[in-house]
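Here the structure is a predicted model, which means the values were calculated and not measured. Positions are given from 1 along the sequence.
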Amino acid sequence: MNNKTIVVTGGSGFVAGWVIRDLLQHDYTVRASLRNMRKADRVTGSVTRGLPAEQAARLSFFTADLTSTDGWAAGMHGADAVMHVASPLGHGTESTAEMVRVARGGTLNVLQAAHDAGVTRVVMTSSQAASTAPTSVGDQLLDEEYWSPEDNPELDPYRRSKIAAEKAAWQFTREQGMELTTIMPGAIFGPILTPDQISSDSILLTMLRGQHLVPKVPMEITDVRDLATLHRMALSNPAAVGHRYLAADQLMTMPSVLATYRQAFPELHLHFVAAPNWTVRLVSRFVPSLRTLVPMLRRRYRHTTAAAQRDLGWTQHTPAETVLDAARSLMDAGLVK
């Protein structure tokens, strides 16, 4: 029987939901933060569905927000470790300074509360954005030693905020003698736990609903289930302390995702055209949401997850399995119409 209590931040999120579920399945006690306790019943129902009652009973919640120090001390009391998953996504209108301030400040709020409570072990969800090269580097294989240049003009405010948050975490934990591991996922897809929290699966949903013009963007895909497993493996293995782990190295382009869907779901009558890169560049001048995709069109570098495989024995679903399982869950939820 596992007698460890793990604090998970951002308990209502897509990734956090799977992290919580995986921990419960391995008999951890989980205490998750929520900005609004009215979400507690919904989150409980979604992350514990199908679990034995004794595992489901190990989940509880506390109220806390990354933008405030309130609530974190009570949440950390008596905990054995923290999985800091929460991060502000923003609404696309925030400046880089705003996003960095909230992400960095929120991370330090969590870490300070953990330190004050005597919690020394932290696993933090960072992002492959923190190991992203300018497209000018060409065809290279990047590992965890590579840090994104903060002056890279191709990075949007969200990606810059993830870099700042991870760097702040490493500095704080070194100064306070805490044990940190960071996990860096790529494009996170996979089955949903609840229809009102689909996160980046919204990209797949748009395709399933009949998107006709698709950018030729290469995506290094992380299965959300594998990501949750990697968090737990890092937590339980002392070899992971002090290390960063990339969690995506399997490539799939947007057109290849749609081609997979067209073959798997002929009843949807999906028809699409791979958009020429010049079209995406032109349209992005008028559609702000496309601007972050433009640099990715020229990306030739790749990442490797060899460290996670070697140190922790981590394995992954194939990208096709991931996007198909995600699609089936979106369809089962009645979101594909």
Side-chain angles (χ1 to χ4, degrees), residues 1-11 15-32 47 51 55 58-59 76 78-87 107 110-111 114-115 117-128 130-131 142-147 162 165-167 169-174 176-186 188 190 220-250 303-317 322:
M1 181 66 69
N2 197 319
N3 60 0
K4 289 188 176 181
T5 297
I6 312 301
V7 169
V8 177
T9 66
V15 174
W18 279 102
V19 167
I20 292 167
R21 183 175 177 85
D22 182 78
L23 288 170
L24 293 173
Q25 288 176 312
H26 289 83
D27 296 323
Y28 286 90
T29 296
V30 179
R31 193 183 301 153
V47 304
L51 296 186
Q55 290 182 342
R58 288 172 169 265
L59 174 61
M76 296 291 175
D80 295 286
V82 177
M83 287 195 179
H84 179 37
V85 183
S87 184
T107 293
V110 170
L111 294 177
H115 175 66
V119 179
T120 59
R121 185 71 176 104
V122 180
V123 177
M124 174 178 167
T125 314
S126 182
S127 170
Q128 199 181 71
S131 182
L142 305 180
D143 63 15
E144 290 82 0
E145 294 298 315
Y146 187 88
W147 277 90
K162 295 297 288 187
E166 187 184 347
K167 286 188 172 182
W170 282 113
Q171 180 177 348
F172 183 93
T173 53
R174 278 195 297 265
Q176 303 302 329
M178 300 170 73
E179 299 178 335
L180 177 66
T181 303
T182 59
I183 310 294
M184 297 179 285
I188 306 171
E220 287 180 305
I221 291 176
T222 301
D223 189 298
V224 68
R225 298 164 294 187
D226 300 334
L227 182 58
T229 300
L230 183 54
H231 279 71
R232 174 178 47 80
M233 285 180 160
L235 174 70
S236 62
N237 194 326
V241 173
H243 292 286
R244 311 170 81 204
Y245 287 105
L246 284 161
D249 63 355
Q250 300 184 100
H303 292 87
T304 174
T305 61
Q309 297 170 45
R310 179 190 65 241
D311 293 354
L312 308 176
W314 186 59
T315 59
Q316 304 176 67
H317 289 79
T322 298

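The salt bridge (charged side-chain N to carboxylate O under 4.0 Å, His left out) check on R21 picks up nothing, with sequence neighbours excluded. Residues passing the side chain to side chain contact (heavy atoms under 4.5 Å, CB included) test with T315, sequence neighbours excluded: none. For the side-chain hydrogen bond (donor to acceptor under 3.5 Å, both in side chains) test, no residue two or more places apart in sequence or in another chain qualifies with S127. When the ring-ring contact (aromatic ring centres under 6.0 Å, His included) test is applied to H84, no partner is found at least two apart in sequence or on another chain.
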Worked check of side-chain contact (heavy atoms from CB on, under 4.5 Å) between Y245 and D311: CA-CA 10 Å; Y245 287 105; D311 293 354; 2.8 Å; yes

Worked check of side-chain contact (heavy atoms from CB on, under 4.5 Å) between T29 and I6: CA-CA 6 Å; T29 296; I6 312 301; over 6 Å; no

Check against side-chain contact (heavy atoms from CB on, under 4.5 Å), V122 and T181: CA-CA 6 Å; V122 180; T181 303; over 6 Å; no

Residue pair L312, L230: steps toward the side-chain contact (heavy atoms from CB on, under 4.5 Å) verdict: CA-CA 8 Å; L312 308 176; L230 183 54; 3.7 Å; yes

Audit row: E220, Q128, side-chain hydrogen bond (donor to acceptor under 3.5 Å, both in side chains) steps and yes/no: CA-CA 9 Å; E220 287 180 305; Q128 199 181 71; 3.2 Å; yes

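Between L227 and A247, the shortest heavy-atom contact is CD1-CB, 4.2 Å. Here the closest non-hydrogen pair linking V47 and G17 is CG1-O, 3.6 Å. The shortest heavy-atom contact between A32 and G11 is CB-CA, 4.1 Å. When all heavy atoms of T5 and G78 are compared, the closest pair comes out as CB-O, 4.4 Å. The shortest heavy-atom contact between T125 and H231 is OG1-NE2, 2.7 Å. Considering every non-hydrogen atom in both V19 and V85, the closest pair reads CG2-CG2, 4.5 Å.
A cation-pi arrangement is absent between R244 and W170 under the rule of less than 6.0 angstrom and at most 45 degrees off the ring axis.
One distance of note links OG1 of T120 with CG of D80; it measures 9.0 Å at 0.5 Å rounding. Between atom CH2 of residue W18 and atom CG of residue D226 there is a gap of 10.5 Å, rounded to the nearest 0.5 Å. The distance from the CG atom of D143 to the CE atom of M184 is 8.5 Å, given to the nearest 0.5 Å. Interatomic distance, K162 NZ to S87 OG, rounded to the nearest 0.5 Å: 3.5 Å. Summarising the geometry, atom NE2 belonging to H26 is positioned 13.0 Å from atom CZ belonging to R58; distances are rounded to the nearest 0.5 Å.
Residue pairs meeting the salt bridge (Lys or Arg N to Asp or Glu O under 4.0 Å) criterion with at least one partner in residues 227-236, sequence neighbours excluded, are D22-R232. Residue pairs meeting the salt bridge (Lys or Arg N to Asp or Glu O under 4.0 Å) criterion with at least one partner in residues 177-186, sequence neighbours excluded, are absent.
No hydrogens or angles considered: nothing links the side chains of Q25 and Q55 as a donor-acceptor pair under 3.5 Å. Of the N and O atoms on the side chains of D249 and H303, not one donor lies less than 3.5 Å from an acceptor on the other residue.
Looking only at side-chain heavy atoms (C-beta outward), V241 and L180 stay at 4.5 Å or farther from each other. Residues T304 and L142 have side chains not in contact (no heavy-atom distance under 4.5 Å, counting atoms from C-beta outward). Within the 4.5 Å cutoff, no side-chain heavy atoms of S126 are placed close to those of I183. Considering only heavy atoms from C-beta on, M83 comes within 4.5 Å of L235 through its side chain. Looking at W314 and T305, their side chains come closer than 4.5 Å, going by heavy atoms from C-beta outward. M124 has its side chain within reach of T107: a pair of non-hydrogen atoms, C-beta onward, lies under 4.5 Å apart. For the pair Q316/D223, no side-chain contact is recorded, criterion being any heavy-atom separation below 4.5 Å from C-beta on. Counting only heavy atoms from C-beta outward, the side chains of H115 and V119 never approach each other to under 4.5 Å.
K4 places no side-chain N or O within donor-acceptor distance of the main-chain N or O of A79, the cut-off being under 3.5 Å. The backbone N or O of V82 lies less than 3.5 Å from no partner atom in the side chain of R121, so there is not a single donor-acceptor pair.
K167 NZ: more than 12 foreign heavy atoms inside a 6.0 Å radius.
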